[in-house]
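Taking it in order: structure first as structure tokens, then the write-up.
Computed over heavy atoms, backbone and side chain alike; hydrogens, waters and symmetry mates excluded. Below, chain A is the first sequence line, B the second, and so on; all start at residue 1.
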Amino acid sequence: MSPPRKIGRILASPAVGQEETVQGWVYRTRSSGAIVYAVVRDSTGIIQVTVKKGNLPEEEFEAAKAAPVESSVIVTGKLFEDKRAPGGFEIKASGFKLVGGAMPFPITEYQSEELLLDNRHLWIRSREQAAVMKVKASVLEGARAWLKANDFIEVTPPILTQNACEGGVTLFKLKYFDREAYLSQSAQMYLEALIFSLDRVYSLTPSFRAEKSRTTRHLTEYWHLELEEAWTDNAGNMEVQENLVTAMVEQVLQDRQEELRLLGRDPADLREVRPPFKRVRYSQAIEALRAQGLDLSFGSDLGAVEERAFTANEKVPVFVTNFPKEIKAFYMKEDPEEPSTVKCADMLAPEGYGEIIGGSERETDLDKLVERLQALEIPMEAYQWYLDLRRFGSVPHSGFGLGIERVVRWVCRLEHIRDAVPFPRTVARCYP
RNA sequence: GCCGUCGUAGCUCAGUCGGUAGAGCGUGUGACUGUUAAUCACAAGGUCAACGGUUCGAUCCCGUUCGACGGCGCCA
């Protein structure tokens, strides 16, 4: 016997008059005396089940009448087309089996953000949350498919580390037996080591940042797609970035248009995402923003306000390149054509969603690296293995890190990044 | 780290110019054979975040603490 059809399948190819079985959860019930209307949901959709007294055993009718929201049920009955039913079809129940009852569901009509976050383990049953998770799966699928097709090898760097990759960024410290260690905030240095045997590598790992950031684009734990390739300069790496992001978006467009619409994102917006993306030098960006009336000088970083102003009217991501050396990480390569800047690129999502990728060509000169580390007063002991990479057959190489949830936030038009992950970890929340 | 807003029923909120509190939703009971976040009737449900101060009297005024949310900086 074949398994019962999912609701989405039943609605996509309705077999009117045929008996169907639905395994799902009570989404909503209404009762009108001897008729109970139970809207049932599963992972694919919702359908109305009409339960009439007399059409099924008395105790099953009573069970349907009393079933609270989110009770799990198995319903059997024939499918009918009916304009009065939400979605246009309904199942007239000949059987209604209560599998698991439910307490009064804490999430009802109007709810505060706090309650929804406290009850995240239940809130993820909502259609919006489910849609986001499906889009995210397609983003990851699209990324992996493109990377495989382009000869990037997935590697598995450690999460426990003793390296503070970017100096300034705060780390989660933990006890590692009788020593200290940190949760990784970036796999970059490990990926740099791996290119010497594998050439083109990437990793998909959680990254952890103990930043006390209260914003709509920061998580303390997020999924980080990092990539490193040997024999490539910053310009070549930017092509990888725009092609990869385009592939992610294309996969979403292929699989998840219905979910996008549910979330309020018009798929047509995303069809405009194609390489090449616009490239703007930092100095030009500053000028353009000044022309808009913003008060900026060369050397100040682009903040949230500036990023928003710069990309508000874009439909496609934009690269900003050649940031001043002082405001960027120690491992970024100086640009010989403009030595006050480094060969780096930030990819900014359109519509003001902000940075989704930070990438650069890496400094290969050992002395310059040491100099930068000293200037920033970064303790050198933990970096000896990293400096070794410049001592043994150093090659030009470039790479970047991409925040998966930031991409999902943009693609799904989410107000807050925490909705791009089922159980968000932020500065104020580590539960549930 | 900085700035701001909020905490009253299970939930969303109103309210008390300082005299111990109300609505809607949800829940319970009953009615209803075509509902669309159904409707109608009745009922239960409160240490007004915690602690301290002022006061005859504080949920309300003042202070402290805790919690939550929003924004900045920093980043992906």
Output yes when at least one side-chain N/O atom of A:Ser112 is less than 4.0 Å from OP1 or OP2 of B:rU12, else no.
yes
May I ask you to check whether over 12 heavy atoms, not counting those of A:Glu19, lie within 6.0 Å of atom CD?
yes
So, A:Thr220 side chain and A:Arg425 main chain: donor-acceptor pair closer than 3.5 Å or not?
yes
Do the charged groups of A:Arg144 and A:Glu154 touch, with an N to O distance under 4.0 Å?
yes
To the nearest Å, how far apart are A:Arg214 CZ and B:rC2 C1'?
13 Å
Rounded to the nearest angstrom, tell me the gap between atom CZ in A:Phe105 and atom P in B:rG26.
15 Å
Would you say the base of B:rA76 stacks on A:Tyr222 (centre-to-centre below 5.5 Å, plane angle below 30°)?
yes
Dot-bracket for RNA chain B, 5' to 3', with Watson-Crick and G-U pairs under 3.5 Å, [ ] for crossing pairs and | for other-strand pairs: what is it?
(((((((..((((.....[..)))).(((((.......))))).....(((((..]....))))))))))))....
Taking syn as within 90° of 0 and anti otherwise, name the glycosidic form of B:rU20.
syn
Atom pairs under 3.5 Å, N or O on each side, protein against nucleotides 30-32 of chain B: can you list them with distances?
from, atom 1, to, atom 2, distance (Å)
B:rC32, N3, A:Gly33, N, 3.0

Length of the CG-P vector between A:Asp118 and B:rA49, whole Å:
17 Å
Within the pair A:Arg28 and B:rG26, is there a side-chain N or O less than 4.0 Å away from OP1 or OP2?
no
Give the rounded distance in Å between these two atoms: CG of A:Leu117 and C1' of B:rA68.
10 Å
Between A:Arg265 (side chain) and A:Val411 (backbone), is there a donor-acceptor pair under 3.5 Å?
yes
Under the side chain to side chain contact (heavy atoms under 4.5 Å, CB included) rule, collect the residues that match up with A:Pro206, sequence neighbours excluded.
A:Ile159, A:Phe208, A:Glu221, A:Trp223
